[in-house]
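To start, the structure under review is shown below, and the notes come after it.
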Amino acid sequence: MEKKFLLPIALLVGSLTLQAQIYVEPEKNVECTVFLEKQGRGMAQQGMEIWDRYIFSCEDGGHVNVYDFRTASPKPIAGFELGSSRPDNHVNNVCFGVETAKGGSFPLLYVTNGKVGSEIEWTCFVENIRRRGRKFSSEIVQTIVLDGKGWDAAGFVPIFGAPSWLVDRERGQLWIFSARKRTVPSVTRNAWENQYVATRFRIPTLSEGPEVHLGAGDILGQAVFPFDVWFTQAGCVHDGKIYFCFGLGRKDKTRPSRIRVYDTDRRTICARYELQEQVLQEPEDIVVRDGWMYLNANTNPSKTKENPCIYRISLPSPRPKSESDGQISQEPEGIKQISQDPERAGGVYYITDLSNPVTAAPEGYEPFYINGYFRHGARHIDDKKTYPFIYGLLEENADNLSGLGKAVRDRLMPFRRNLEYCEGDLTGIGYRQGEGIGRRMVENYPEVFREGAFIKMNSTNVLRVSATMQAVHAGMLSLQPSLGSDEISNSRSFLEELNPYGSECPGVPEIDRFILHGKEASWRKEYESYLQKHIDTDAFLARLFQNPDAVKAVHDPIEVEWRFFLMASLMQCLDRQVPLWDLFTPEEIYCWAVAENYKYFSQKGPEPKNRGRSWARGAKTLRHLLEESRRDILAGRHGVDLNFGHDGVLMAVLTNLQAGSWAEEARSPEEAFTKWQYWNIPMGANLQMIFYHSVANPDKILVKFMLNEKDLKLPLESVQGPYYDWVEVYDFYIRQCDKAERLLADTENLSYDLF
């Protein structure tokens, strides 16, 4: 079957070879200059740290040269031996900690060996550096030994060895950075065979004794990252991100100088540097300071007289946030946004920062009331088939798996305990999203929560939605413990207003159930036709199975690939995860994103084949929000009245609001992708209506709408900026709801063939 692909792949994949999945596009216009050309002893350079005016540049074996950071003079001002100095101490990485020992002149220094096979491979030496004038000395005050056994049994990804010990001074955490397998080509021949693993521990204090052991029971968290670069060197932690360098410079053209920045909060590669033209020496270690990266490099003293350098490199450019107001640019904006943040391909599973700066209130006005609709936070896949389907498929084809298939099985089998029986559950990330939303409400609008605040929250009868509601309330209470609650409830009785599309919602006409789920619905045929044209399931199955025909004889190939796409999309929602995007080519990821986006567009948006019924049901929810707000305001209340539900309902409400391009029709999956982008309704998405009254005239009320805490532009003339007259807003949208209800009445008895 001939497959046609639509996208300019160069936008997505960059220049790396042997990669399949989409990675964030490489940094552009990188500023990289030589900061210091070191005139040392001519020994192999390794780890580096900077404190105050001192650069500590370490050599293999344990000698340290000290340079003046302020003058960047090439000659060392001092030199000393580490307490851990010995021939097999590679001193691959050094990081200052947060504690200072008695008599110490600097925070404790954590020394990584980094030599595979050494008897001290799993040991971190904690050293106390003293300075007396220009004389420095160091002694070991503690050793930390990592026990790598039993991690898989505890639900964590094990590492092969060579742990790099990284101190996050800002958050008071200790990270171990390594990989599943050694990162040399003789061990990791293909990128899919490996993954990078960052594991979080506490920072042991000196009071814990001279020797501390950390094992599986001490793990506080873990982030697993895609593998796209070989030959691990060293790095540091800054702002919750691991900055790590790789490669051998010009010594090996297949492994040039590269930097990756790993976001430990979002568990993604958030920046990629391709420095083959700028850093010709072997990169060794990174320090982030004063808005720059400083990269310590090495030369081969036996083959060149070239002095090793310290390079100064610009930090990553800020990544654009999602255009969550729905005002999306035309093609190829969807492709561009995925290339800027590949996890957006996961659509409604997307995890992103929902906070945005608050627009100043109009002069003479203050906030007094908040209403809104809130999607639940991050969750597991919400069907009961995907997890058992994937695990069953891998088990029944144990002897039919390809190399990639075996690698996927090896990743997922120990991970099963983290997924089993969790279908639809709110995850830890989801709960924290809810807490954050509640805290920010109190922080941003304290006037709303003054004494006597009205607190009412309702949710659908789905556990993850109710749990999100409770998390939002907990976030409010964390800053305002005295808040009461007038009503906090979840019930099936709320479904007509909060999820009029739900399968359990009473009174849903059969025509709407057909539009949502009918296999003969026109949009469904368009969706399936798109997949047939653009998804090469034969190629996908051949990557995972030696005999794809054996799988096709039992399972629908489209369903197989779709289930794996769901699993790959899900991983960003979990505190423990194993990335799976490398099962797909960039073309497949993009095409699945287009198809799934079209599914939501058709079920809840302005797909013309559905004659308006898909979005019109959302008017029931919009009317509820408007009338609820009106009642509370007439009752003289200040506080919050919040509603909790699901992604599709929020999409339909936005269509009824006619915000941005949410209400624009499209007649194909490709065109729909230029109107909607379903990652704009990520996990934890919310529509907030913030009401303000005039201090001088309380009856004069303005309202602003925010999607994901970002001001939303409405098709009305504002009073000022994002602030609209409440009476005009109410009248305009009540008429819109009336129109939608008439449309539903007029089309309810039409023939199914018309849909």
Side-chain angles (χ1 to χ4, degrees), residues 46-58 61-64 66 78 80-86 88-115 118-133 135-149 159 162-178 198-222 234-238 240 242 264 285 287-289:
Q46 296 301 325
M48 180 181 72
E49 253 291 20
I50 303 174
W51 192 267
D52 192 21
R53 65 178 297 177
Y54 301 106
I55 300 173
F56 297 89
S57 179
C58 303
H63 182 79
V64 182
V66 183
F80 65 96
E81 298 295 320
L82 291 171
S84 58
S85 179
R86 51 188 279 179
D88 65 340
N89 186 358
H90 195 46
V91 198
N92 189 246
N93 186 30
V94 290
C95 293
F96 282 119
V98 296
E99 186 178 3
T100 301
K102 185 177 181 180
S105 305
F106 303 90
L108 297 174
L109 186 72
Y110 293 73
V111 181
T112 294
N113 171 29
K115 185 171 287 186
S118 168
E119 66 178 6
I120 57 172
E121 177 183 356
W122 296 81
T123 300
C124 174
F125 295 102
V126 184
E127 306 212 11
N128 179 29
I129 300 176
R130 292 185 174 90
R131 180 181 68 84
R132 299 295 180 264
K135 291 185 178 181
F136 293 76
S137 62
S138 185
E139 64 176 346
I140 300 172
V141 292
Q142 188 179 63
T143 57
I144 308 173
V145 181
L146 184 66
D147 183 354
K149 299 175 183 176
I159 60 176
S164 191
W165 304 74
L166 308 175
V167 179
D168 183 347
R169 290 194 295 267
E170 297 154 337
R171 300 184 180 186
Q173 301 170 342
L174 180 63
W175 286 91
I176 299 296
F177 190 83
S178 186
T199 309
R200 180 166 54 90
F201 296 88
R202 73 182 188 280
I203 304 176
T205 62
L206 289 182
S207 63
E208 294 183 53
E211 184 171 308
V212 177
H213 290 254
L214 297 177
D218 298 293
I219 295 175
L220 301 178
Q222 191 175 67
C236 66
V237 183
H238 169 69
I242 295 174
T264 62
D285 198 1
V287 178
V288 175
R289 171 167 168 153

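Closest of all the heavy-atom pairs between G61 and S85 is O-OG, 3.0 Å. Closest approach of P163 to I159, counting heavy atoms only: CB-CD1, 4.4 Å.
Within the 3.5 Å criterion, the main-chain N or O of L220 finds a donor-acceptor partner in the side chain of R200. Here the side chain of E127 pairs a donor or acceptor atom with the backbone of G83 at under 3.5 angstrom. Looking only at distances, a side-chain donor or acceptor of E121 sits under 3.5 Å from a matching main-chain atom of A162. Side-chain N or O atoms of T112 include none that pairs as donor or acceptor with a backbone N or O of N92 at under 3.5 Å. Using a distance-only test at 3.5 Å, with no hydrogens or angles considered, a donor-acceptor pair links the side chain of D285 to the main chain of M48. For the pair S164 (side chain) and F177 (backbone), a donor-acceptor distance under 3.5 Å is absent. In terms of modelled atom types and a separation under 3.5 Å, the side chain of R202 and the main chain of P204 share no donor-acceptor contact.
R86 is linked by a side-chain contact (heavy atoms from CB on, under 4.5 Å) to D88, N89, E119, I120, counting only residues two or more places apart in sequence or in another chain. Listed by chain and residue number, nothing satisfies the ring-ring contact (aromatic ring centres under 6.0 Å, His included) test with F201 (two or more places apart in sequence, or in another chain). With sequence neighbours excluded, no residue satisfies ring-ring contact (aromatic ring centres under 6.0 Å, His included) with Y110. With sequence neighbours excluded, the residues satisfying side-chain contact (heavy atoms from CB on, under 4.5 Å) with R289 are I50, F69, Y294. Partners of H238 by side-chain contact (heavy atoms from CB on, under 4.5 Å), not counting sequence neighbours, listed by chain and number: E170, Y243, V288.
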Using residues 140-149 as the side-chain source, report each donor-acceptor pair under 3.5 Å to any protein atom, sequence neighbours left out, with the distance given to one decimal.
residue	atom	partner	partner atom	Å
Q142	NE2	T205	O	3.0
Q142	NE2	G209	O	2.9
D147	OD1	K149	N	3.0

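Taking the six-membered ring where tryptophan is involved, the planes of F80 and F136 are essentially parallel, since the angle between them stays under 30° and well short of 60°.
The closest side-chain heavy-atom distance from F106 to T100 is not below 4.5 Å.
In this structure, the separation between CD on E49 and CD1 on I129 is 9.0 Å, given to the nearest 0.5 Å. Here N113 contributes atom CG and S84 contributes atom OG; the two are 8.5 Å apart, rounded to the nearest 0.5 Å.
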